[in-house]
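Below is one structure, written out as structure tokens, with a few remarks after it.
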There are 2 protein chains.
Amino acid sequence: MQYLKIMEAISEQIDAGLLAAGNKLPAERKLADSFNTTRVTLRESLALLEAEGKLYREDRRGWFVSPTPLSYDPTYTTNFPQMAKEQGRLARTELIDAKLMPASRRAASLLKVPPLSEVYRVDRLRFLDERPVVVVTNFILPKYFPNLLEKSFTSSLTTLYREEYGVIYSKTRYRVSTTSLLGETAQHLRATAGSPAMLVERLNYDQHDNVIDCDLEYWRHDAICIESVAELSK
Amino acid sequence: MQYLKIMEAISEQIDAGLLAAGNKLPAERKLADSFNTTRVTLRESLALLEAEGKLYREDRRGWFVSPTPLSYDPTYTTNFPQMAKEQGRLARTELIDAKLMPASRRAASLLKVPPLSEVYRVDRLRFLDERPVVVVTNFILPKYFPNLLEKSFTSSLTTLYREEYGVIYSKTRYRVSTTSLLGETAQHLRATAGSPAMLVERLNYDQHDNVIDCDLEYWRHDAICIESVAELSK
DNA sequence: AAGTGGTCTAGACCACTTA
DNA sequence: AAGTGGTCTAGACCACTTG
């Protein structure tokens with residue numbers, strides 16, 4: 001089990017600080033040579049470290065050492081940049097697309113509206129210290145947010161909801177699972193198709209307990225850990 | 001990108017119900033033949049489906065179609081068998097080991113006790129419909145649970161805490177991240193070293209807000225999704 | 001232009017599971 | 001005993017990134 005030994009060797013170098021967060025690893029061919037093995041086997045080790053969240057890959061660019069993950073509390077409403085700031089990180093959001101369109105099957109079922117109902121769909125890409133880490137897609141019920149597309153998306157959606165429509169997030173139902181990145185989502189995150197990822201789905205309620213929107217968040221899985229405190233019911 | 005096409009082909013067969021949950025896939029060599037490719041490429045497709053949680057692997061036994069994941073709410077105290085039952089699944093727990101020992105570094109830091117303090121360590125393996133899905137390790141502060149090892153571990157720990165010591169779980173701090181299975185943990189789960197996994201770490205408090213124990217749960221990542229509702233603070 | 005990562009081939013041997 | 005999965009080798013070509 002050569003690939004386990006190689007994995008441990010690289011792992012130790014990371015833990016020892018010889019390979020710092022954000023650093024690029026040497027070329028695969030060079031690494032393979034220095035471990036006296038082939039690229040195939042080396043890549044097995046690297047994939048393992050990717051699964052563990054110690055390394056990440058940028059498509060065609062190489063392998064990098066993962067920074068400390070962002071601690072993400074789904075029960076917090078604080079917007080993304082603020083959450084990052086509290087943890088000493090720099091965050092930035094880019095608008096990919098915002099439009100009115102028929103709800104996808106998944107979105108319709110979450111929002112409990114008939115399939116193909118019109119909803120707003122807002123796609124955004126979020127960066128942590130200039131690394132793209134999550135693609136967020138919101139499906140928003142137009143009923144509560146007339147003329148949403150005319151608004152500016154420079155501030156957070158939470159802020160927009162509150163200041164323009166008096167809607168306040170008050171409850172969220174979330175779901176976390178693991179998946180893999182495909183197609184455009186992968187491209188936005190500079191990931192190779194099939195990279196492991198974390199999917200956070202949220203269904204959000206306003207202060208009157210109405211469902212107002214839902215969102216799908218595809219995270220580079222090494223970039224976050226979900227962390228929260230819960231009072232136990234019963 | 002042959003491996004993506006193969007992945008989609010298999011994926012469709014699963015969605016169409018041609019490959020039912022729990023079914024074993026044909027041998028890798030046969031699959032490779034039928035897709036006119038090599039085992040290496042085929043295995044790339046299979047690994048992708050594993051990352052997505054549609055397939056899982058049992059070490060040296062082959063590839064299987066994943067059943068529906070268990071919905072796991074960390075804010076619930078209900079014990080594991082009951083949680084499973086509510087979702088129409090059959091659960092079972094096996095005791096691997098229970099002993100008094102010096103706290104590991106990770107456990108000591110979570111429990112906020114000096115390194116190498118004596119704590120109880122209880123390792124258990126949990127099955128869902130006779131498939132091993134999670135290895136749970138509890139680190140328990142002896143202070144609140146004198147003579148714990150003399151008790152029977154046939155019922156749940158929650159029940160034991162309540163009935164024998166009057167200790168009631170009232171708050172939990174949890175953390176979810178992705179990782180990979182190694183060593184004994186992998187073996188218990190019948191997994192190949194390096195299989196993707198989900199790690200749930202919990203720090204538990206009693207009714208007086210004392211930390212009483214912590215636990216590390218290594219899940220077959222296709223076997224659960226974390227699902228919860230949260231009232232938003234502020 | 002050179003080098004790199006992404007993808008793929010066509011084998012091989014071994015230890016283990018299964019019939 | 002046969003077949004299977006786990007692991008590994010030694011190449012190859014292409015498209016893309018980088019200097």
Side-chain angles (χ1 to χ4, degrees), chain A residues 1-10 22-51 55-65 130-132 180-183 186-196 220, chain B residues 1-10 22-51 55-65 130-132 180-183 186-196 220:
Chain A
M1 253 113 76
Q2 203 174 347
Y3 73 94
L4 284 181
K5 294 210 193 310
I6 297 175
M7 182 210 93
E8 279 161 27
I10 298 177
N23 276 192
K24 184 178 182 306
L25 266 64
E28 290 182 2
R29 284 169 178 85
K30 283 178 189 161
L31 278 174
D33 269 358
S34 69
F35 285 109
N36 240 304
T37 187
T38 57
R39 269 180 78 206
V40 178
T41 300
L42 174 80
R43 280 170 66 89
E44 185 139 359
S45 305
L46 295 175
L48 223 163
L49 288 161
E50 182 185 35
L55 294 182
Y56 67 95
R57 223 184 336 171
E58 295 210 348
D59 195 46
R60 292 180 183 283
R61 243 176 291 260
W63 298 83
F64 300 83
V65 178
E130 292 309 312
R131 173 189 174 205
S180 67
L181 299 172
L182 295 172
Q187 278 175 37
H188 285 301
L189 295 172
R190 295 185 203 143
T192 308
S195 301
R220 293 292 294 228
Chain B
M1 255 112 74
Q2 202 174 346
Y3 73 95
L4 283 181
K5 294 211 191 310
I6 297 175
M7 182 211 92
E8 279 161 25
I10 298 176
N23 277 190
K24 185 178 182 305
L25 266 66
E28 291 181 1
R29 285 169 178 84
K30 283 178 189 160
L31 279 174
D33 269 359
S34 71
F35 285 110
N36 241 303
T37 185
T38 58
R39 270 180 77 207
V40 178
T41 300
L42 174 79
R43 280 170 66 89
E44 185 141 0
S45 304
L46 295 175
L48 223 164
L49 289 161
E50 183 185 33
L55 294 182
Y56 66 96
R57 226 191 323 179
E58 295 210 346
D59 195 45
R60 294 183 179 283
R61 243 176 290 261
W63 299 84
F64 300 83
V65 179
E130 291 310 310
R131 173 189 174 204
S180 68
L181 299 171
L182 295 173
Q187 278 175 37
H188 285 302
L189 295 172
R190 294 185 203 144
T192 308
S195 301
R220 293 292 293 230

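Naming: A, B, ... by sequence-line order, numbering from 1 per chain. All of these numbers come straight from a predicted model, not from anything done at the bench.
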B:Lys30 atom NZ: more than 12 heavy-atom contacts under 6.0 Å: no
B:Lys5 NZ: over 12 foreign heavy atoms closer than 6.0 Å: no
Worked check of side-chain contact (heavy atoms from CB on, under 4.5 Å) between B:Leu182 and A:Met7: CA-CA 12 Å; B:Leu182 295 173; A:Met7 182 210 93; 4.2 Å; yes
Base-pairing string, 5' to 3', of DNA chain D - Watson-Crick or wobble, under 3.5 Å, | interstrand: ||||||||||||||||||.
Considering all heavy atoms, the nearest B:Ser180-B:Gly194 contact: CB-O, 3.6 Å
Non-hydrogen atoms of A:Leu55 and A:Val65 that approach each other most closely: CD2-CA, 3.9 Å
Nucleic acid contacts of residues 38-45 of chain A, taken as heavy-atom distances under 4.0 Å to DNA chain D: A:Thr38, A:Arg39, A:Val40, A:Thr41
Check: A:Ser195 main-chain N/O paired with A:Arg57 side-chain donor or acceptor under 3.5 Å: no
Contacts of type side-chain hydrogen bond (donor to acceptor under 3.5 Å, both in side chains), residue A:Glu44, not counting sequence neighbours: none
B:Leu46 vs B:Ile10, side-chain contact (heavy atoms from CB on, under 4.5 Å): CA-CA, chis, key distance, verdict: CA-CA 9 Å; B:Leu46 295 175; B:Ile10 298 176; 4.0 Å; yes
Side chain to side chain, A:Arg220 and A:Leu181, heavy atoms closer than 4.5 Å: yes
Side-chain touch A:Gln2/A:Phe35, heavy atoms, less than 4.5 angstrom: no
Stretch residues 55-63 of chain B: residues that reach within less than 4.0 Å of DNA chain C through a heavy atom: B:Arg60, B:Arg61
Under the side-chain contact (heavy atoms from CB on, under 4.5 Å) test, residues paired with B:Glu58 that sit two or more places apart: B:Tyr56, B:Arg61, B:Phe64, B:Arg190
Chain A contact limits on DNA chain C, taken 5' to 3' with a cut-off of 4.0 angstrom to heavy atoms: C:dT4 to C:dT7
Given B:Leu42, B:Leu31, B:Leu48, the one that forms side chain to side chain contact (heavy atoms under 4.5 Å, CB included) with B:Ile6: B:Leu42
